Amino acid sequence: MRPARPVAVLGGVRIPFCRQNTAYADVGNLGMSVRTLGALVEKFGLHGQQLGEVAMGAVIKHSSDWNLGREAALSSGLSPLTPGITLQRACGTSLDSIITIGNKIAAGQIEVGIGGGSDTTSDVPIVYGHKLRRRLLEAARAKTPKEKLAAFKGFHLRELKPEFPGVAEPRTGKSMGEHCEDMAKQWNIARDSQDEWALSSHQKLAAAYERGFFDDLVVSFRGVSRDNILRPDSTLEKLASLKPAFDKTSGRGTLTAANSTPLTDGAAACLLASEEWAQAHNHEVLCYLRDAQVAAVDFVHGEGLLMAPTVAVPEMLKRNGLSLQDFDFYEIHEAFAAQVLCTLRAWESEEYCKSRLGLDAPLGRIDVNKINPNGSSLAAGHPFAATGARIVATAAKELKQRGGGRCLVSICTAGGMGVVAILER
């Protein structure tokens, strides 16, 4: 295998993210992916070009979506000779797809590729219950009409009740919000701190839109030109008036609809290449994907579900000879305001860093003014498989505007995992 080559991030694009059951209610993953990939093809003049790979992802998808990466690529304007693959790691999906493309470029297997993802919670797969599915499969296998009828012996109308995709962790039966409530209590994260974080995210995202930061990153779709979750006129008083969304009975619940990300539809994608390909095609390198790391925690037996980035980051930092403070800014996915605050508190905790991370000292404090300078998921929304590509595209442009620097990307995921990366220019 060749020595690793630098992996250049050339830029990205996304459609506006929209709250569940609004503008994209009838579009689905394929439609959102096609619009996003088509916009990326247009932005970089890739019409008819054969790329090494298109890696897309989706967390909630129909069986008819088949290989979403390949199907979207076929409708994007790229050469039909461009292969495609579909990946899934919950909220880290599109960062993982970008890492997958990056690793192939680094290994010299391809010269250029696209990583991204799409998710819908509006157009969800609805299936029959287990008992009726077994009956239908048995009837399909039957050879005679009598055998087909026998498959429905004892049938009851209640078997027609459909099953919807669950939002609970299969191993615990608890939702991500319920798990995060546990984390907030464990780390003593106050309600007002969460509301302040959420409000700041809205204010920063709104300011970025106003100064034109997203003009070449967000393409209109279905009559929407900005994330429709964004509430620039919100206030702390409004946020404080909301009732707890997950712990509604103990009197100690702190997570609300405002300091938690809503269910969201959307898609995003990024173009990555070798330096040689970028130069040959006259594309500016915005930044480089230097390294990445994935980790998991044992949330079933008591660890916080969304704490895996606290483990992944120090492992990646050690490999690169960096400290937590050696970054010009940080892009931390805001699944919940409490989750971000728990992560920051854990890195500052001497006991946690020694007993859980095996470090000699705390990783230390991060300047909160350096975190998510253009807002993040609490304001933009969180289509599960699109968030990573949104963050990478945003960070790459921010690095270009700063004229250089280093960014730490951190994304927590369902299933007790975390995906993190380093971007440099």
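In this text the structure is predicted, and so the values were computed from the model without any measurement.
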Distance-only polar pair, side chains of Thr310 and Arg356, donor-acceptor under 3.5 Å: no

Quick check against the 3.5 Å criterion: does Thr82 have a side-chain atom that pairs as donor or acceptor with the backbone of Leu51? yes

In the structure I gave you, are the side-chain heavy atoms of Val311 and Val297 within less than 4.5 Å of one another anywhere? yes

Do Thr93 and Asp96 have a side chain donor and acceptor closer than 3.5 Å? no

Taking the side chain as every heavy atom from C-beta outward, state whether Phe152 and Glu138 have any atom pair closer than 4.5 Å. no

Salt bridge (charged side-chain N to carboxylate O under 4.0 Å, His left out) assessment of Lys174 paired with Asp182: CA-CA 11 Å; Lys174 294 166 64 173; Asp182 293 340; 2.3 Å; yes

Any luck finding a side-chain donor-acceptor pair between Asn29 and Thr120 under 3.5 Å? no

Spacing of Leu378 atom CG and Ser260 atom OG [to the nearest 0.5 Å]: 7.5 Å

Of all heavy-atom pairs linking Ala396 and Val9, the shortest is CB-CG1, 4.0 Å

With a 6.0 Å cut-off (strictly less than), is the heavy-atom count around CG of Asp233, excluding the residue itself, greater than 12? yes

Side chains of Ser201 and Asn372: do they bring a donor and an acceptor to under 3.5 Å? no

Donor-acceptor pair, Arg35 side chain versus Phe221 backbone, under 3.5 Å? no

With a 3.5 Å cut-off and no angle check, do the side chains of His382 and Thr264 form a donor-acceptor pair? no

Using side-chain contact (heavy atoms from CB on, under 4.5 Å), reason through Trp277 and Ile105 one step at a time and then give a plain yes or no. CA-CA 10 Å; Trp277 190 94; Ile105 293 169; over 6 Å; no

Identify the heavy atoms of Arg70 and Pro80 that sit nearest to each other, and give their distance. NH1-O, 2.8 Å

Flag the pair Asp119 and Lys61 as a salt bridge only when some basic side-chain nitrogen lies within less than 4.0 angstrom of an acidic carboxylate oxygen. no

For residues Asp326 and Asn320, determine if any side-chain heavy atom of one lies less than 4.5 Å from a side-chain heavy atom of the other. no

Testing the basics here: between Pro314 and Pro309, what is the closest heavy-atom pair and its distance to 0.1 Å? CD-O, 4.3 Å

Would you say that Pro16 contacts Arg226 through its side chain, given a criterion of any heavy-atom pair below 4.5 Å between the two side chains? no

Answer yes or no for Lys370 and Phe327: cation-pi contact, defined as NZ/CZ to six-membered ring centre under 6.0 Å and angle to ring axis within 45°. no

May I ask you to check whether Asp247 and Ser250 show a side-chain donor-acceptor distance below 3.5 Å? yes

Check against side-chain contact (heavy atoms from CB on, under 4.5 Å), Ile114 and Leu272: CA-CA 6 Å; Ile114 294 171; Leu272 294 87; over 6 Å; no

Could Arg14 and Phe214 be counted as a cation-pi pair, given that NZ or CZ must be under 6.0 Å from the ring centre and within 45° of the axis? yes

Can you tell me if NZ on Lys400 sees more than 12 non-hydrogen neighbours from other groups inside 6.0 Å? no

Closest non-hydrogen atom pair, Trp197 against Ala337: CB-CB, 4.0 Å

Over 60° means perpendicular and under 30° means parallel, so classify the ring planes of Phe246 and Phe336, tilted if in between. perpendicular

I'd like to know if the side chain of Gln325 pairs up with that of Arg365 as donor and acceptor (distance under 3.5 Å, no hydrogens or angles considered). no

Heavy atoms of Leu239 and Ser234 approach each other most closely as CD1-OG, 2.7 Å

At what distance, to the nearest 0.5 angstrom, does CD of Glu196 lie from OG of Ser193? 5.5 Å

For the residue pair Asp227 and Tyr209, confirm or rule out a side-chain donor-acceptor distance under 3.5 Å. yes

Take Arg319 and Glu315 through the salt bridge (charged side-chain N to carboxylate O under 4.0 Å, His left out) test and state the conclusion after the steps. CA-CA 7 Å; Arg319 186 166 59 244; Glu315 292 176 355; over 6 Å; no

About how many Å separate CZ of Arg231 and NE2 of His202, when rounded to the nearest 0.5 Å? 8.0 Å

Does Arg402 have more than 12 heavy atoms from other residues, nucleotides or ligands lying within 6.0 Å of its CZ? yes

Are Lys104 and Glu53 within salt-bridge range, i.e. N to O under 4.0 Å? yes

Just by distance, with hydrogens left out, do Ser122 and Asp265 show a side-chain donor and acceptor under 3.5 Å apart? yes

Side chains of Leu306 and His333: closer than 4.5 Å at any heavy-atom pair? no

We want to know whether His179 and Thr172 form a side-chain donor-acceptor pair, criterion being a heavy-atom distance below 3.5 angstrom. yes

Which distance, rounded to the nearest 0.5 Å, do you find between the OG1 of Thr394 and the CG of Asn374? 6.5 Å

Any luck finding a side-chain donor-acceptor pair between Gln194 and Thr254 under 3.5 Å? yes

Is the distance from the ring center of Trp187 to that of Tyr352 below 6.0 Å? yes

Would one find more than 12 heavy atoms of other residues, nucleotides or ligands at under 6.0 Å from atom NZ of Lys148? yes

Please assess Asp298 against His301 for the test side-chain hydrogen bond (donor to acceptor under 3.5 Å, both in side chains), listing each intermediate value before the final yes or no. CA-CA 6 Å; Asp298 186 5; His301 297 100; 3.1 Å; yes

Would you say Arg141 has more than 12 foreign heavy atoms packed within less than 6.0 Å of its CZ? yes

Short question: side chain of Thr86, backbone of Gly69 - any donor-acceptor pair under 3.5 Å? yes

Could you walk me through whether Glu181 and Arg252 pass the salt bridge (charged side-chain N to carboxylate O under 4.0 Å, His left out) test, one step at a time? CA-CA 9 Å; Glu181 273 283 12; Arg252 299 173 56 217; over 6 Å; no

Measure the shortest side-chain to side-chain distance between Ile99 and Val419 over non-hydrogen atoms and say whether it is less than 4.5 angstrom. yes

Within the distance-only criterion (no hydrogens, no angle test), does the side chain of Glu71 pair as donor or acceptor with the backbone N or O of Asn67 below 3.5 angstrom? no

Exercise: identify the closest heavy-atom pair between Ala312 and Gln293: O-CG, 3.5 Å

